[in-house]
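Proteins get letters first, then strands, A, B, ... in listed order; numbering begins at 1 in each. Being a predicted model, the structure only gives us computed values, none of them experimental.
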2 protein chains.
Amino acid sequence: MTRGRAEDPDHVVELLWREGAAEPRPGLSLDRIVRAGVELADAEGLAGLSMRKVAERLGFTTMSLYRHVPGRDQLIDLMCDEVAGETAGGSAAAGDGWRARLEACARAGWELRRRHPWLAEVRGGRHVPGPNIIARYEQMLSTVTDTGLTPAEVIAVVGLVGRFVDSEALLLVEAAETERRSGVSEEEWWGGRDTLFERLYGYPTLTRLWEQGGFDRPEDPFEFGLARLLDGIELLIRQRYESRDETGGCVVCGAPVDQPAAGRPRAYCSASCRQRAYRRRTAGQD
Amino acid sequence: MTRGRAEDPDHVVELLWREGAAEPRPGLSLDRIVRAGVELADAEGLAGLSMRKVAERLGFTTMSLYRHVPGRDQLIDLMCDEVAGETAGGSAAAGDGWRARLEACARAGWELRRRHPWLAEVRGGRHVPGPNIIARYEQMLSTVTDTGLTPAEVIAVVGLVGRFVDSEALLLVEAAETERRSGVSEEEWWGGRDTLFERLYGYPTLTRLWEQGGFDRPEDPFEFGLARLLDGIELLIRQRYESRDETGGCVVCGAPVDQPAAGRPRAYCSASCRQRAYRRRTAGQD
DNA sequence: AAGTTCTGTTTATGGCGTACACACGGTGTA
DNA sequence: TACACCGTGTGTACGCCATAAACAGAACTT
């Protein structure tokens with residue numbers, strides 16, 4: 001079952017889709033390992049996730065894990081997809097506009113990261129996405145496909161919002177993790193940095209903001225950032241909508257149009273795009 | 001010189017400000033170690049930065065470093081401040097509006113991270129900021145203090161933009177690092193993931209975007225995100241500006257005003273805020 | 001019944017940060 | 001001048017990590 005070695009991403013694909021899934025038997029299994037990994041990371045963060053500790057938690061030796069999982073990185077991939085399947089995703093109804101739907105997706109991602117903070121800590125490129133992660137991505141993409149944005153813009157919007165959620169979650173995770181390890185709260189620690197604060201005078205803006213209490217009653221970084229981000233995206237969508245008939249490109253996907261439709265008010269690159277525009281208009285979505 | 005042990009952040013403060021700086025002598029020195037660390041991280045990423053390798057590069061034993069630096073984490077703090085001093089910061093003139101100035105800061109941060117990709121990889125809370133980092137922060141804050149935003153909003157805006165830059169830089173770093181280590185380019189790797197792509201049919205939005213070439217000609221994530229972010233911030237600033245006379249709070253900092261200035265069109269919480277508003281109007285900045 | 005495969009264990013390698021005891025040279029004091 | 005001290009660099013050692021390789025027993029196949 002583990003013939004493909006750690007080097008082989010195709011093997012991870014098989015594991016993610018649970019191919020060759022044996023019915024539950026006593027002893028180790030992929031699911032048990034993944035679940036133990038999730039529990040451990042929930043409790044101790046991604047840095048605390050070691051093969052030793054996962055094995056210990058299950059009552060087996062370290063190396064026994066390698067019979068079911070190629071390695072630590074792949075275990076993390078599996079854990080990500082595991083927890084991505086926990087809730088369906090957004091909580092916005094289909095009738096809502098793109099903004100409500102995209103915001104719901106962002107909040108769903110935020111919730112997920114509050115349940116499993118280590119998600120935001122996952123680093124490194126080339127993670128093989130599993131079915132649950134793909135489903136979430138698909139859903140997020142679908143929130144903004146009917147907005148007049150080009151395909152590349154749709155992808156960019158979803159990536160931007162996704163990385164924003166990750167970035168803000170990471171902020172909290174790192175604070176919490178440091179607090180857990182050191183036993184000293186964030187405020188206590190900064191409160192003790194007198195020798196540092198001494199040096200901050202002479203920076204006029206910083207001290208003025210400090211004196212005005214800007215650091216005492218901060219904005220919620222997630223709420224604040226999400227609002228700004230959605231506003232920025234809304235502006236783009238409005239621009240695309242207002243200039244929808246003037247551009248030379250396809251009204252739907254922005255791709256160049258072979259024969260610029262002279263006289264005709266709207267230009268499509270393909271029949272499928274024309275169809276989509278029609279459906280969009282008749283569905284009456286924003 | 002290293003009496004304060006690794007536990008003591010005040011010691012790091014002293015090191016960051018180079019207190020007790022001996023004149024250059026042969027042998028090891030804090031500066032030499034920090035510079036070697038920067039070179040190493042530039043070449044091999046933050047994961048490749050080990051005390052052993054830094055020492056090796058300098059021709060000393062590993063433990064010799066600990067005579068000058070409390071530990072690896074603190075070395076990283078020192079490295080961050082070192083490179084933060086490389087360029088003054090933004091390249092926008094003082095006469096420009098907030099948007100040009102904030103954008104220049106963001107681009108300066110982006111440039112810095114392109115020169116030193118490991119900056120984006122630095123993780124963990126409670127990093128003691130050094131003089132150069134504080135100077136950059138001060139400058140970034142000053143770009144949006146004269147916009148009518150509340151102090152908390154100013155701080156939130158700067159944090160948001162800062163984390164955005166980090167997040168986008170991290171995206172590139174991780175791709176480049178994986179490519180460097182594996183010897184396989186991003187495109188080649190994804191190109192070989194046939195068994196994964198097979199499973200993507202059935203996700204209609206995803207496949208449509210794929211067929212429309214959205215993944216082939218992607219938006220530049222940094223440029224795209226920066227534009228959206230600044231647009232969103234601009235909207236907030238406009239809102240604050242338009243409602244500047246209606247709110248009960250201070251026009252400048254938003255803090256509550258003791259005696260709501262009845263009849264008077266503008267309310268200030270303090271003389272300094274009134275003064276700032278005056279200067280702002282006469283300076284004619286946006 | 002014999003062979004093969006699947007599963008878990010044992011042992012070992014090489015990397016990491018860093019605690020601790022030590023060695024050596026220069027400097028200040030008796 | 002002698003001696004103690006301190007700043008600086010070294011050598012050894014510990015405990016953690018991922019994982020390669022060889023092995024042992026059970027289960028299933030033929």
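Side-chain atoms of B:R72 never come within 3.5 Å of backbone atoms of B:S50 as a donor-acceptor pair (strictly under, hydrogens ignored). Checking side-chain atoms of B:Q74 against main-chain N and O of B:V12 turns up no donor-acceptor pair under 3.5 Å. Formation of a donor-acceptor pair under 3.5 Å by the A:R18 side chain with backbone atoms of A:E14 is not found in this model.
If you take CG of B:L65 and C1' of D:dT8, they are 12 Å apart, rounded to a whole angstrom. Rounded to whole angstrom, the span from the CG atom of A:D73 across to the C1' atom of D:dA18 amounts to 10 Å. As rounded to whole Å, 13 Å separates atom C1' of D:dG9 from atom CG of B:L58. In this structure, A:R181 atom CZ and C:dG17 atom P are separated by 15 Å, rounded to whole Å. Rounded to an integer number of Å, the gap from B:Q74 CD to C:dG17 P is 13 Å. Spacing between atom CG of B:L28 and atom C1' of D:dT8 amounts to 9 Å, rounded to whole angstrom units. The separation between B:F60 atom CZ and C:dC24 atom P is 17 Å, rounded to whole Å. Protein atom CD1 of B:I33 is 15 Å distant from nucleotide atom C1' of C:dT18, rounded to whole Å.
Contact annotation: B:H68 side-chain N/O to D:dG7 OP1/OP2 distance is not under 4.0 Å.
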Under 3.5 Å, which protein N or O atoms sit close to an N or O of nucleotides 10-16 of chain C? Give each pair with its distance.
| residue | atom | partner | partner atom | Å |
| --- | --- | --- | --- | --- |
| C:dC16 | OP1 | B:S50 | OG | 3.3 |

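A search for salt bridge (Lys or Arg N to Asp or Glu O under 4.0 Å) contacts involving A:E111 returns nothing, not counting sequence neighbours.
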Could you give the side-chain donor-acceptor pairs of residues 116-130 of chain A under 3.5 Å, partners two or more places apart or in another chain?
| residue | atom | partner | partner atom | Å |
| --- | --- | --- | --- | --- |
| A:H116 | ND1 | A:D42 | OD1 | 2.8 |
| A:H116 | ND1 | A:D42 | OD2 | 3.1 |
| A:H116 | NE2 | A:E86 | OE1 | 3.1 |
| A:H116 | NE2 | A:E86 | OE2 | 2.6 |
| A:W118 | NE1 | A:D42 | OD1 | 2.7 |
| A:E121 | OE1 | A:L46 | N | 3.2 |
| A:R123 | NE | B:E174 | OE2 | 2.6 |
| A:R123 | NH1 | A:A120 | O | 3.3 |
| A:R126 | NE | B:E186 | OE1 | 3.3 |
| A:R126 | NH1 | B:S182 | OG | 3.0 |
| A:R126 | NH1 | B:V184 | O | 3.3 |
| A:R126 | NH2 | B:V184 | O | 2.5 |
| A:H127 | ND1 | A:D77 | OD1 | 2.5 |
| A:H127 | NE2 | A:R123 | O | 2.9 |
| A:H127 | NE2 | A:G124 | O | 2.9 |

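Note: A:R113 CZ to A:F222 CZ = 9.5 Å, rounded to the nearest 0.5 Å.
Relative to the side chain of B:R67, the nucleotides C:dG8, D:dA18, C:dC22 differ in distance, and C:dC22 lies closest.
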